[in-house]
Amino acid sequence: MTETISKYAESYKMKCLVVDDESIAIRGIVNYIGKLDFLEVTGTCSSALEAMDFIKRKETDLMFLDINMPHLSGLEFLESLEKPPLTIITTAYSEYALDGFRLHVVDYLMKPIAFQRFFQAASKAQDMFRSQLILHNEHEGSKSSMYVRQGDAFQRIAWIDILYAEGMQNYVKLYFEDKVLIIHQTMTSLEDMLPKESFFRIHRSFLVNISYIDSISGNRLSIHSKKLPISKQRKDELLKTVVYKNLISK
């Protein structure tokens with residue numbers, strides 16, 4: 001089944017949205033997309049507000065997003081999305097790179113963009129899309145295990161053994177009792193694949209297996225003596241919907 005899904009992903013054209021307030025920049029990205037047989041343009045927008053409406057109406061697999069735009073910047077727009085598509089930043093400004101990777105973008109392209117760099121970023125997005133597709137298929141077909149991508153290989157793991165996950169740019173660290181796996185996956189897509197009754201996003205960078213929580217104190221929780229931060233926005237929900245219902249005194 002995994003091989004079948006992989007072949008489907010290879011032939012699938014990722015639906016792309018290009019967001020930029022400069023028409024010449026849009027034309028350049030659209031031209032590059034047209035050179036790759038695994039991408040297709042399904043929409044272009046000249047502002048983040050326009051893009052927000054587009055994403056609500058149409059399926060988008062990959063977004064090419066400028067940063068400096070009127071009313072709402074690309075980063076502000078991206079941060080506002082609950083489940084953003086895979087995103088490649090396209091900008092003339094290097095100082096926002098850390099913010100971009102904090103939001104788990106696929107890549108950060110500096111204008112003017114050479115085709116070689118564009119191809120590199122697009123190929124990375126395709127790899128991540130394939131991983132998401134396989135993860136989704138495995139989650140639907142099995143309630144106790146799934147496949148994760150490590151390099152060019154896929155490894156089957158039991159999600160119930162995951163203590164917690166830590167996001168790091170375009171990768172995620174999975175922590176187990178006896179090992180740590182680094183997988184090529186975004187935190188958001190991993191969260192979508194894992195059962196919501198068992199995992200909780202306590203912070204933009206941390207997703208925890210509820211059954212392994214040892215204690216909660218202030219804005220931190222403990223899993224096997226490891227202290228993890230809880231964001232202010234997530235703490236009340238953690239206490240109300242997870243802890244009070246699921247946590248047993250240990």
Side-chain angles (χ1 to χ4, degrees), residues 1-2 5-6 9 82-86 101-106 124 127-231 233-250:
M1 179 60 74
T2 301
I5 294 296
S6 182
E82 184 177 348
K83 293 184 179 180
L86 294 173
F101 286 114
R102 175 178 60 83
L103 295 172
H104 307 297
V105 300
V106 175
K124 188 188 300 184
D127 285 343
M128 295 178 73
F129 178 78
R130 290 176 183 173
S131 297
Q132 289 180 8
L133 195 62
I134 290 174
L135 275 172
H136 178 75
N137 177 68
E138 287 302 315
H139 176 65
E140 291 298 316
S142 171
K143 298 300 181 183
S144 62
S145 64
M146 63 184 188
Y147 277 102
V148 294
R149 180 166 185 153
Q150 288 190 286
D152 295 327
F154 291 92
Q155 180 174 343
R156 194 181 189 96
I157 63 169
W159 61 257
I160 57 175
D161 293 333
I162 299 172
L163 303 180
Y164 64 93
E166 179 182 5
M168 38 183 293
Q169 295 185 7
N170 300 321
Y171 296 85
V172 174
K173 280 186 177 181
L174 298 180
Y175 291 83
F176 299 83
E177 293 271 5
D178 57 349
K179 62 184 176 181
V180 177
L181 294 181
I182 299 179
I183 63 172
H184 194 75
Q185 190 72 28
T186 65
M187 183 69 94
T188 299
S189 61
L190 177 66
E191 183 181 12
D192 287 341
M193 298 304 107
L194 292 169
K196 289 177 172 51
E197 66 273 13
S198 299
F199 287 83
F200 190 86
R201 187 81 169 266
I202 62 169
H203 186 276
R204 178 174 293 277
S205 300
F206 290 98
L207 178 70
V208 302
N209 189 331
I210 296 165
S211 63
Y212 290 107
I213 297 175
D214 293 312
S215 65
I216 296 176
S217 178
N219 290 323
R220 292 187 177 276
L221 63 74
S222 176
I223 294 181
H224 285 26
S225 300
K226 177 68 176 181
K227 303 292 185 181
L228 304 177
I230 307 170
S231 69
Q233 296 84 353
R234 303 295 287 163
K235 185 176 180 180
D236 286 343
E237 186 179 352
L238 175 67
L239 294 174
K240 291 177 182 178
T241 66
V242 176
V243 177
Y244 296 152
K245 293 181 180 180
N246 297 286
L247 193 60
I248 301 174
S249 296
K250 297 184 181 182

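- Counting all heavy atoms, side chain and backbone alike, M187 lies closest to G167 at CE-N, 3.0 Å.
- In this structure, NZ on K173 lies 12.0 Å from OG on S205, to the nearest 0.5 angstrom.
- Nearest heavy atoms, A158 versus F176: O-CE2, 4.2 Å.
- For the side chain to side chain contact (heavy atoms under 4.5 Å, CB included) criterion with F206, the lone passing option out of L228, I230, I223 is L228.
- Here L174 contributes atom CG and I162 contributes atom CD1; the two are 5.0 Å apart, rounded to the nearest 0.5 Å.
- Checked by atom type and distance alone, the side chain of R201 pairs as donor or acceptor with a backbone atom of R204 at under 3.5 Å.
- I210 contributes atom CD1, which lies 11.5 Å from atom NZ of K196 (distance to the nearest 0.5 angstrom).
- In this structure, CG in L86 is found 7.0 Å from OG in S189, a value given to the nearest 0.5 Å.
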Does the side chain to side chain contact (heavy atoms under 4.5 Å, CB included) test come out yes or no for Q185 and Y171, once each step is laid out? CA-CA 5 Å; Q185 190 72 28; Y171 296 85; over 6 Å; no
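- Here the side chains of Y175 and K226 are not in contact, with every heavy-atom distance at 4.5 Å or above.
- Of all non-hydrogen atoms in T188 and K83, the two that sit nearest each other are CG2-CA, 4.4 Å.
- The distance from the CD1 atom of I183 to the CE atom of M128 is 10.0 Å, given to the nearest 0.5 Å.
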Go through it in stages, so that I can follow the logic: the residues are F200 and I213, the test is side chain to side chain contact (heavy atoms under 4.5 Å, CB included), and I'd like the CA-CA distance, side-chain angles, deciding distance and then a yes or no. CA-CA 11 Å; F200 190 86; I213 297 175; over 6 Å; no
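- What you find for A165 and L190 is that their closest heavy atoms are CB-CD2, 3.9 Å.
- Of all the heavy atoms in H224 and L163, the pair that sits closest is CD2-CD1, 4.0 Å.
- When side chains are defined from C-beta on, F199 does not count as touching M193, because their heavy atoms never get closer than 4.5 Å.
- Heavy atoms only, all atoms of each residue included: K227 and R220 are closest at O-NH1, 4.1 Å.
- Counting only heavy atoms from C-beta outward, the side chains of L207 and V172 never approach each other to under 4.5 Å.
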